[in-house]
Amino acid sequence: ATNKELTKEFAKALNRCAIFDIPKFIVKLIFSGGSVVLLDSKDAYPKRAIEDGFAFKYERLDEALGDIVSKHF
């Protein structure tokens, strides 16, 4: 998921309005070298896990965030 998608879905799960994403320069300012982990995009597919029969608890981002929010907020 992109930052924009995650922000939108997280705001929806919290029943809040998502006005804007966090600008990259703010993330870099706060996290310095660690910002690479947050900002660089890497597509990762769990091909082997799926081949071995792994079943995900959630299939969609909104389901996962909704569950997290209901348990922690």
Side-chain angles (χ1 to χ4, degrees):
T2 64
N3 181 29
K4 189 173 192 168
E5 292 168 333
L6 182 60
T7 300
K8 178 183 167 190
E9 291 299 331
F10 193 50
K12 191 189 308 181
L14 290 170
N15 293 316
R16 301 277 194 282
C17 182
I19 300 170
F20 56 86
D21 316 352
I22 299 172
K24 287 183 180 183
F25 78 91
I26 299 280
V27 175
K28 289 179 180 180
L29 189 67
I30 294 170
F31 295 103
S32 181
S35 67
V36 174
V37 175
L38 299 170
L39 298 174
D40 284 2
S41 179
K42 300 289 183 229
D43 289 332
Y45 299 95
K47 182 180 175 184
R48 178 71 187 265
I50 292 170
E51 288 173 352
D52 289 346
F54 181 83
F56 290 93
K57 184 174 181 179
Y58 306 102
E59 292 195 19
R60 297 187 345 244
L61 181 60
D62 62 330
E63 294 173 343
L65 290 174
D67 190 46
I68 291 167
V69 166
S70 71
K71 290 179 182 175
H72 298 286
F73 292 94

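Note: hydrogens, waters and symmetry copies are ignored here, and every other heavy atom, side chains too, is used.
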Would you find more than 12 non-hydrogen atoms of other residues, nucleotides or ligands less than 6.0 Å from Leu6 atom CG?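 Enclosed.
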
Can you confirm whether more than 12 heavy atoms, excluding those of Glu59, are under 6.0 Å from its CD atom?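 Atom CD in Glu59 is not packed in, count stays at 12 or less.
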
Determine whether Leu39 and Ile22 fall in the same hydrophobic cluster, where Ile, Leu, Val, Met, Phe, Trp and Tyr are linked whenever their side-chain heavy atoms lie under 4.5 Å apart. yes

Transitive ILVMFWY side-chain link Phe31 to Val36, under 4.5 Å: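 Different clusters: Phe31 never reaches Val36 through Ile, Leu, Val, Met, Phe, Trp or Tyr contacts under 4.5 Å.
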
Looking at [atom1] of [X] and [atom2] of [Y], how far apart are the two atoms once the value is rounded to the nearest 0.5 Å?
X: Phe25; Y: Ile30; atom1: CZ; atom2: CD1; answer: 9.5 Å
X: Asp67; Y: His72; atom1: CG; atom2: NE2; answer: 8.0 Å
X: Ile26; Y: Ser35; atom1: CD1; atom2: OG; answer: 12.0 Å
X: Thr7; Y: Ile19; atom1: OG1; atom2: CD1; answer: 12.0 Å
X: Lys4; Y: Lys8; atom1: NZ; atom2: NZ; answer: 9.0 Å
X: Leu65; Y: Glu63; atom1: CG; atom2: CD; answer: 10.5 Å

Is the ring centre of Phe56 less than 6.0 Å from the ring centre of Phe54?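 That pair passes the under 6.0 Å test.
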
If the threshold is 4.0 Å, N to carboxylate O, is there a salt bridge linking Glu9 and Lys12?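 Salt bridge: yes.
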
What's the shortest heavy-atom distance between Cys17 and Ala11, and which atoms? C-CB, 4.2 Å

Test item: Tyr45 and Ile50 side chains (from C-beta on) under 4.5 Å apart, heavy atoms: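 They are not in side-chain contact.
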
